[in-house]
Amino acid sequence: TVFWLTPQRNALLRAMGEEGAIPMEEKIWSELKAIVGEGNVIMGTAGTQRFLRPGWETPSLVTVRPKNDEELQRIVDSARNNQTGIMTANDRYLLEEDLDKEGIFLDFERMNEIEVIDGYTLMAHVQRGVTWEQLNEALKTHGMKAAAPVAANSISVAESHAARVVGKAA
């Protein structure tokens with residue numbers, strides 16, 4: 001699978017007679033910016049910094065920050081159409097073996113809406129980027145609070161619960 005065409009590969013394609021070959025990074029970069037806005041597409045370590053341990057770098061990942069399900073679906077469609085890999089952090093930090101991968105890194109920081117708080121069932125429907133702090137602030141107005149799992153591996157409510165379910169299933 002080709003993730004990105006480097007300028008060297010692009011020159012090789014042109015030499016082989018591929019008319020109009022452009023680096024895939026330029027094409028998908030433009031598509032992603034059109035989907036989520038220019039400030040929410042960041043190349044390299046600058047975009048993944050909050051998911052990295054000290055001294056780690058991700059030179060070939062493009063961080064994309066969707067705001068809602070529609071943007072997320074458009075990102076997935078664009079990646080599929082461009083044969084580009086997608087990844088995200090399953091934990092607070094990226095895994096060391098992921099540092100040299102190429103492709104799109106999804107950061108759900110902007111998907112931070114609390115969609116429903118149901119005081120009767122004591123349930124909240126949250127987007128993946130909602131933090132425990134955000135949830136508890138919203139719950140205050142309902143006279144409720146939530147406790148993060150003791151072994152929470154993420155500041156995200158959804159990621160913490162997903163990790164617990166996967167852990168129990170294993």
Side-chain angles (χ1 to χ4, degrees), residues 1-10 12-13 21-115 124-135 148-149 151-167 169-170:
T1 302
V2 175
F3 291 108
W4 305 101
L5 287 177
T6 64
Q8 294 82 9
R9 287 188 212 144
N10 192 43
L12 179 62
L13 283 174
I22 61 169
M24 186 178 288
E25 58 197 32
E26 289 177 21
K27 180 181 178 196
I28 196 164
W29 186 268
S30 297
E31 287 179 22
L32 294 172
K33 284 181 179 180
I35 295 169
V36 298
E38 188 155 343
N40 296 305
V41 180
I42 306 162
M43 183 66 191
T45 303
T48 57
Q49 192 63 53
R50 70 188 192 106
F51 298 96
L52 301 177
R53 296 189 186 277
W56 285 9
E57 294 183 358
T58 55
S60 300
L61 288 177
V62 174
T63 300
V64 182
R65 296 182 176 137
K67 175 72 175 159
N68 53 45
D69 292 339
E70 178 187 340
E71 287 183 0
L72 181 58
Q73 184 59 54
R74 290 176 62 201
I75 293 164
V76 171
D77 289 343
S78 178
R80 182 181 49 248
N81 293 338
N82 289 289
Q83 298 180 336
T84 301
I86 297 178
M87 65 179 297
T88 186
N90 294 335
D91 203 334
R92 174 65 184 95
Y93 297 104
L94 279 168
L95 299 175
E96 191 168 8
E97 59 263 25
D98 293 335
L99 299 179
D100 291 327
K101 290 187 177 174
E102 296 179 343
I104 296 171
F105 175 77
L106 291 173
D107 178 352
F108 295 99
E109 179 180 46
R110 292 178 62 227
M111 288 186 73
N112 61 358
E113 301 230 358
I114 299 168
E115 296 169 350
H125 295 253
V126 301
Q127 290 181 333
R128 184 169 174 179
V130 172
T131 65
W132 288 102
E133 184 179 340
Q134 291 169 322
L135 178 59
N153 59 349
S154 173
I155 61 171
S156 163
V157 174
E159 289 174 13
S160 294
H161 280 284
R164 290 180 62 206
V165 170
V166 170

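These figures come from a predicted structure and were not determined experimentally.
- Partners of Glu97 according to the side-chain contact (heavy atoms from CB on, under 4.5 Å) rule, which considers only residues two or more places apart in sequence or in another chain, are Leu95.
- Glu71 has its side chain out of reach of Asn40: every pair of non-hydrogen atoms, C-beta onward, lies at least 4.5 Å apart.
- For Thr63, there are no side-chain hydrogen bond (donor to acceptor under 3.5 Å, both in side chains) partners at least two apart in sequence or on another chain.
- Legend: ring-ring contact (aromatic ring centres under 6.0 Å, His included) pairs involving residues 59-89, not counting sequence neighbours: none detected.
- Residue pairs meeting the ring-ring contact (aromatic ring centres under 6.0 Å, His included) criterion with at least one partner in residues 32-71, sequence neighbours excluded, are Phe51-Phe105.
- For residues 44-62, the salt bridge (Lys or Arg N to Asp or Glu O under 4.0 Å) pairs, not counting sequence neighbours, are Arg50-Asp107.
- Under the ring pair (Phe, Tyr, Trp, His ring centres under 6.0 Å) criterion, Phe108 pairs with no residue, sequence neighbours left out.
- With sequence neighbours left out, Asp77 forms a salt bridge (Lys or Arg N to Asp or Glu O under 4.0 Å) with Arg80.
- Residues satisfying the salt bridge (Lys or Arg N to Asp or Glu O under 4.0 Å) criterion with Arg74, sequence neighbours excluded, are absent altogether.
- Scanning for side-chain contact (heavy atoms from CB on, under 4.5 Å) contacts around Glu133 gives Thr131, with sequence neighbours left out.
- Contacts of Glu31 classified as salt bridge (Lys or Arg N to Asp or Glu O under 4.0 Å), with partners at least two apart in sequence or in another chain: none.
- Legend: residues meeting salt bridge (Lys or Arg N to Asp or Glu O under 4.0 Å) with Glu38, ordered by chain and number and at least two apart, are Lys33.
- Counting all heavy atoms, side chain and backbone alike, Leu52 lies closest to Thr45 at CD1-CG2, 3.6 Å.
- Scanning both residues, Gly129 and Gln134, for their nearest heavy atoms gives O-OE1, 3.7 Å.
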